[in-house]
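See structure below.
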Amino acid sequence: MAGSSHIFQAPKGTRDFDPPNMALRLHLEKAWRDASIRHGFEQIDGPTFEHLDLYTVKSGEGIVSELFSFKREGGDTDYALRPEFTPTLARMAASKGRSLSLPTRWFAMPDLFRAERPQRGRLREHRQWNVDLLGAPGPDADAEVIAVALTALRTLGLSQSDIRVRISHRGAAAGLLSACGVSDDSMADAFSLVDRREKIPADQFAEQAAAIGLDEAGVRRLDDIASSRIAATNAPGTIAEQHGLPSETVADLEALARELEKRGLLEFCDWDLGIVRGLAYYTGTVWEIHDAAGDFRAIAGGGRYDELVQLFGGPAIPACGFGMGDVVLGLVLQERGLLGDQLSDLLPRPDVFLVSSGTDDAEEHLVPLATSLRELGMHVRHTWKSTRNVGKQLKEASSNRSRFAVILGEELANNTVVAKNLDAGTQVDVELGDLPIWLQRQLAESEAAELQ
RNA sequence: GCGACCGUAGCUCAGGGGUAGAGCACCUGGUUGUGGUCCAGGAUGUCGCGGGUUCAAAUCCCGUCGGUCGCCCCA
């Protein structure tokens with residue numbers, strides 16, 4: 001790396017977005033925004049940093065080591081770069097108080113920060129799509145936010161063979177766990193154990209299960225429940241039956257199943273009571289979206305948190321929602337071959353590349369023609385190199401994937417230019433005055449052809 | 001914060017004490033007005049950075065910064 005001794009490196013866990021990578025980010029954000037809007041959600045945002053207290057009040061002091069926090073020079077107030085958006089959302093909802101018209105459907109695409117060691121799919125700065133439905137307590141709301149997430153993922157080309165929604169429910173899982181012999185006091189520990197079951201050896205699992213008061217049979221049932229994942233096309237009651245429990249234990253999941261079915265989404269979903277999602281603030285449905293093979297971290301995670309707004313000093317507003325980060329999603333799309341041969345294919349294609357052969361007449365026409373075509377809304381480029389070699393200019397036009405090239409040269413004496421379709425390789429002479437209309441028609445045709 | 005592995009051309013990587021390498025990309029020419037193919041030629045590096053050992057370090061040692069993977073944690 002030339003002269004790298006004096007070149008600054010980007011901070012650990014951050015990314016530079018060169019044009020192809022920026023195109024990828026915009027590609028994801030467009031899918032997110034379009035899906036949100038199609039489902040009737042409205043975009044919000046908040047500050048990139050908040051008072052440190054906003055994050056410690058809910059999670060305790062332990063979270064501070066995972067935050068980028070700071071004081072103003074000479075100031076006393078502690079701030080932190082936002083590690084998640086939900087506290088900001090809850091703060092906004094709480095501060096609007098009763099003037100907030102409910103139900104409210106909000107989405108955001110914040111930049112988030114965490115001070116942890118980067119790993120695959122986890123960086124120190126990332127972009128996350130957040131969708132929240134406030135003031136709707138029913139399973140239709142849970143199903144609706146899952147639908148929004150899937151709309152975006154399907155827009156990006158992912159199908160039910162690529163991704164799975166793994167759904168659990170705090171109440172249903174707790175019911176099954178208490179039937180295994182887990183006491184109410186040990187419930188949090190039991191959830192934590194369920195969450196870690198794939199990371200720890202079987203003997204440790206049994207040991208820790210025994211520590212929360214389970215007998216041998218109870219340990220076995222706990223393990224069964226935690227690792228039972230079945231297609232959502234099966235009624236949730238079958239899970240309860242498998243463990244010899246009444247189907248009322250999973251009544252909430254039955255209601256959710258009906259709502260998912262109305263939206264045609266059961267095929268994308270699995271019932272998976274091993275999904276826990278931390279322990280923070282979820283109160284009902286909890287779910288994650290994973291790649292079908294399970295090779296990556298969760299693409300998205302969400303659920304119901306009916307007490308959160310109240311926790312931040314607002315009225316009691318039932319709420320549900322999810323977050324989806326750009327990092328894992330990008331990895332999954334790449335792995336599934338849904339980003340084209342190279343990222344630069346996601347860059348906007350120029351409609352027209354103007355080529356001047358270098359004659360005085362051509363040079364005079366170049367910029368005015370570019371200006372008038374741009375006024376018609378076209379993406380117009382010409383070379384910024386000094387060469388007037390037509391071959392080199394055409395090479396530049398094709399390397400940036402221009403749809404048409406227009407060559408300005410000797411023909412201008414007859415008020416004519418050469419218009420070339422760079423995809424088809426065909427070219428025709430066009431009257432200079434007819435060029436804008438001709439191009440508009442050709443571009444409309446090629447756009448229609450691409451949509452088929 | 002802890003552990004393991006890695007850092008060589010724009011990119012992907014080989015080389016492992018003695019003159020710095022390949023493929024792709026790039027540039028030039030074949031073609032001074034026709035691209036994506038082909039042929040021929042060409043340029044490119046403080047071998048991440050700093051220090052140490054050595055006659056000699058890309059190579060060995062220490063440190064540091066970055067990357068990857070795991071632990072912790074997960075919003």
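Protein chains get the first letters and strands the later ones, always in sequence-line order, with residue 1 at the start of each. Side chains are part of it too, since the values below use all heavy atoms of this structure and drop only hydrogens, waters and symmetry mates. What you see is a predicted model, and the numbers here were worked out from it, not measured in a lab.
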Would you list the protein and nucleotides 62-65 of chain B atom pairs, both N or O, that sit under 3.5 Å from each other?
| unit_1 | atom_1 | unit_2 | atom_2 | d |
| --- | --- | --- | --- | --- |
| B:C65 | O2' | A:Gln9 | OE1 | 2.5 |

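- Taking 4.0 Å as the cut-off between side-chain N and carboxylate O, A:Asp132 and A:Arg304 do not count as a salt-bridged pair.
- Atom CZ of A:Phe49 sits in a sparse spot, with 12 or fewer heavy atoms from other residues, nucleotides or ligands closer than 6.0 Å.
- Checking B:G70, B:A75, B:G33 against the side-chain heavy atoms of A:Arg297 singles out B:G70 as nearest.
- By the 30° and 60° cut-offs, the orientation of the rings of A:Tyr79 relative to A:His51 is parallel.
- When the P atom is compared between B:C27 and B:U64, the two are found 42 Å apart, to the nearest whole Å.
- Here the separation of B:G30 from B:G45, taken at their C1' atoms, is 30 Å to the nearest Å.
- Listed by chain and number, the residues in a salt bridge (charged side-chain N to carboxylate O under 4.0 Å, His left out) with A:Asp361 amount to none (sequence neighbours excluded).
- Within 6.0 Å of CG on A:Asp18 lie more than 12 heavy atoms contributed by other residues, nucleotides or ligands.
- Side-chain proximity of A:Gln119 to the nucleotides B:C72, B:U34, B:A75 is greatest for B:C72.
- One C1' atom belongs to B:C6, the other to B:A14, and the distance between them is 15 Å to the nearest Å.
- A salt bridge links A:Asp162 and A:Arg336; the closest N-O separation between the charged side-chain nitrogens and carboxylate oxygens is under 4.0 Å.
- With sequence neighbours excluded, the residues that form a side-chain contact (heavy atoms from CB on, under 4.5 Å) with A:Ala80 are A:Leu52, A:Tyr55, A:Leu67, A:Ser69.
- The side chain of A:Arg122 has B:C74 as its nearest neighbour among B:C74, B:U68, B:G33.
- Comparing the P positions of B:A9 and B:G23 gives a spacing of 16 Å, expressed to the nearest Å.
- Taking the charged nitrogens against the carboxylate oxygens, A:Arg127 and A:Asp326 have no contact shorter than 4.0 Å, which rules out a salt bridge.
- The pair A:Glu42-A:Arg105 does not count as a salt bridge, with every side-chain nitrogen at least 4.0 angstrom from each carboxylate oxygen.
- Between A:Arg114 and A:Glu125 there is no salt bridge, since no side-chain N of the basic residue sits under 4.0 Å from a carboxylate O of the acidic one.
- Within residues 383-398 of chain A, the residues approaching RNA chain B are A:Val390, A:Gly391, A:Lys392, A:Leu394, A:Lys395, A:Ser398, by heavy-atom distance under 4.0 Å.
- Contact between the side-chain N/O atoms of A:Arg120 and the OP1/OP2 oxygens of B:U68 is not found at any separation under 4.0 Å.
- At whole-Å resolution of the value, OH in A:Tyr282 and P in B:C74 are 12 Å apart.
- Taking side-chain N and O atoms only, A:Arg277 has a distance below 4.0 Å to OP1 or OP2 of B:A75.
- Salt-bridge check for A:Asp423 with A:Arg349: passed, with a basic side-chain N closer than 4.0 Å to an acidic carboxylate O.
- The aromatic ring centres of A:Trp32 and A:Phe41 sit 6.0 Å or more apart.
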Which pairs, protein N/O on one side and nucleotides 3-6 of chain B N/O on the other, fall under 3.5 Å?
none

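- In this entry the distance linking CG of A:Leu123 with P of B:G66 reads 14 Å, nearest Å.
- Residue A:Gly121 is the one, among A:Gly301 and A:Gly121, whose nearest nucleotide of RNA chain B lies closer to the 5' end (criterion: closest heavy atom).
- Side-chain atoms of A:Trp129 and A:Ser36 form a donor-acceptor pair, as typed in the model, at a separation below 3.5 Å.
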Represent RNA chain B in dot-bracket notation, 5' to 3'. Only Watson-Crick or G-U wobble pairs with both distances under 3.5 Å count; pseudoknot-style crossings use [ ] and interstrand partners use |.
(((((((..((((....[..)))).(((((.......))))).....(((((..]....))))))))))))....
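- Comparing the P positions of B:G16 and B:A58 gives an interatomic distance of 15 Å, to the nearest angstrom.
- When all heavy atoms of A:Ala319 and A:Leu134 are compared, the pair lying nearest together is CB-CD2, 3.4 Å.
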